[in-house]
Novice: 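My questions all concern the structure below.
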Amino acid sequence: MKTFLLILALLLLFLINAKAQVKFVEINASALMNDKSTSDYAIKVYEDGKLKDSIFCKKSKPITISLESNKVFSIVFKKESYPERFVIVDTKVPKGLRDMSEDPFDLQIELSPGVTSIKKDLHDFPVAILTINKKEKSLMASENYHQYTHN
């Protein structure tokens, strides 16, 4: 009986510790039109192609989105009569990185139809790819991807 209780206690400690290991990455997401905050748009969050959350933003204030670490998400911005814009977010924490910046990442996406900075043959691609930068210890946009799609 003592052995059973000991095993049960160790199992509970393991489960509590495993739950504590799950971390979240916060993003302050907002849409822009002509470089100014806008309202009345939707944000959809997908994980592995499955809809995880859908938010309708009536105000022009940023919305805080919490994404579980070690997963890949797509965040889609949609405003009526405007093309969808989406961002890929990889929250995989690099090995050896124990702590990260507590500040949310500010993600502002331009929804104006006149956006011409993206190459025409890449309009169906994400406007950005975000990953956790080990050196900076925070979420950052991939500069390589941005250079590829905007130059």
Side-chain angles (χ1 to χ4, degrees), residues 12-151:
L12 285 173
L13 283 173
F14 174 76
L15 291 174
I16 290 169
N17 188 34
K19 184 72 172 171
Q21 294 291 335
V22 175
K23 295 185 179 190
F24 290 88
V25 176
E26 288 194 336
I27 295 176
N28 285 337
S30 60
L32 303 175
M33 288 185 60
N34 300 318
D35 290 329
K36 294 182 181 172
S37 296
T38 188
S39 59
D40 299 319
Y41 63 94
I43 296 177
K44 293 186 178 184
V45 180
Y46 293 88
E47 178 192 340
D48 293 329
K50 296 177 185 156
L51 182 64
K52 297 301 271 183
D53 200 2
S54 182
I55 307 157
F56 186 77
C57 306
K58 290 185 177 185
K59 298 181 180 180
S60 59
K61 293 182 179 180
I63 299 294
T64 301
I65 302 170
S66 294
L67 304 176
E68 190 176 332
S69 62
N70 296 316
K71 298 193 177 198
V72 177
F73 297 90
S74 298
I75 300 176
V76 180
F77 292 78
K78 176 67 177 144
K79 185 171 177 82
E80 191 174 330
S81 302
Y82 293 90
E84 289 183 352
R85 302 274 191 243
F86 72 100
V87 176
I88 301 295
V89 182
D90 183 352
T91 62
K92 182 179 180 189
V93 179
K95 284 188 176 185
L97 184 60
R98 294 180 187 254
D99 60 337
M100 287 195 340
S101 172
E102 297 293 324
D103 298 329
F105 180 84
D106 291 329
L107 176 63
Q108 297 179 320
I109 299 299
E110 180 69 44
L111 295 180
S112 299
V115 175
T116 58
S117 62
I118 300 173
K119 294 177 182 177
K120 288 189 182 212
D121 56 341
L122 300 176
H123 277 283
D124 290 338
F125 283 61
V127 292
I129 296 177
L130 308 180
T131 57
I132 296 174
N133 183 304
K134 187 174 181 177
K135 183 177 177 184
E136 297 293 329
K137 296 183 180 180
S138 67
L139 195 63
M140 297 192 69
S142 168
E143 291 183 21
N144 293 337
Y145 181 78
H146 187 271
Q147 290 172 355
Y148 172 73
T149 59
H150 290 73
N151 292 329

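Excluded from the calculations below are hydrogen atoms, water molecules and symmetry mates; all remaining heavy atoms, backbone and side chain alike, are included. Counting from 1, the numbers follow the sequence of the chain as shown.
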Novice: Which atoms form the tightest heavy-atom contact between L139 and F105, and what is the distance?
Specialist: O-CD1, 3.1 Å

Novice: Looking at S39 and S60, what are the two nearest heavy atoms and their distance?
Specialist: CB-N, 3.9 Å

Novice: As an exercise, state the distance from OG of S37 to CD of Q108, rounded to the nearest 0.5 Å.
Specialist: 6.5 Å

Novice: Let me see the working for V89 and I27 under side-chain contact (heavy atoms from CB on, under 4.5 Å), right down to the final yes or no.
Specialist: CA-CA 10 Å; V89 182; I27 295 176; 4.1 Å; yes

Novice: Quick check: closest heavy atoms across N34 and E110, and the distance to 0.1 Å?
Specialist: N-OE2, 2.6 Å

Novice: Kindly state each residue pair satisfying salt bridge (Lys or Arg N to Asp or Glu O under 4.0 Å) with at least one member in residues 24-47, sequence neighbours excluded.
Specialist: E47-K52, E47-K71

Novice: Within the structure provided, determine whether C57 and I43 are in side-chain contact (heavy-atom separation under 4.5 Å).
Specialist: yes

Novice: For the pair S74 and I88, evaluate side-chain contact (heavy atoms from CB on, under 4.5 Å) and give the outcome as yes or no after the intermediate values.
Specialist: CA-CA 5 Å; S74 298; I88 301 295; 3.4 Å; yes

Novice: For L111 and Y82, work out which heavy atoms get closest and say how close.
Specialist: O-CD2, 3.2 Å

Novice: Which donor-acceptor pairs under 3.5 Å do side chains of residues 125-135 form with protein atoms, sequence neighbours excluded?
Specialist:
residue : atom : partner : partner atom : Å
N133    : OD1  : K135    : N            : 2.8
N133    : OD1  : E136    : N            : 2.9
K134    : NZ   : K95     : O            : 2.8

Novice: Rounded to the nearest 0.5 Å, how far apart are OG of S30 and CG of L107?
Specialist: 7.0 Å

Novice: As a quick check of understanding, evaluate side-chain contact (heavy atoms from CB on, under 4.5 Å) for T38 and K79, giving each step before the final call.
Specialist: CA-CA 10 Å; T38 188; K79 185 171 177 82; 3.5 Å; yes

Novice: Tell me, do L32 and I109 make a side-chain contact under 4.5 Å, heavy atoms counted?
Specialist: no

Novice: Would you mind reporting whether K92 and P94 have side-chain heavy atoms less than 4.5 Å apart?
Specialist: no

Novice: Just wondering, do L67 and I75 contact through their side chains at under 4.5 Å, heavy atoms?
Specialist: yes

Novice: Is there a side-chain contact (heavy atoms from CB on, under 4.5 Å) between I55 and D53 once you walk through the steps?
Specialist: CA-CA 7 Å; I55 307 157; D53 200 2; 3.8 Å; yes

Novice: As an exercise, state the distance from CZ of F24 to OG of S66, rounded to the nearest 0.5 Å.
Specialist: 7.0 Å

Novice: Of all residues at least two apart in sequence or in a different chain, which pass the side chain to side chain donor-acceptor pair (under 3.5 Å) check with T64?
Specialist: N28

Novice: How close do Y41 and A29 get, heavy atom to heavy atom, and via which atoms?
Specialist: OH-O, 4.1 Å

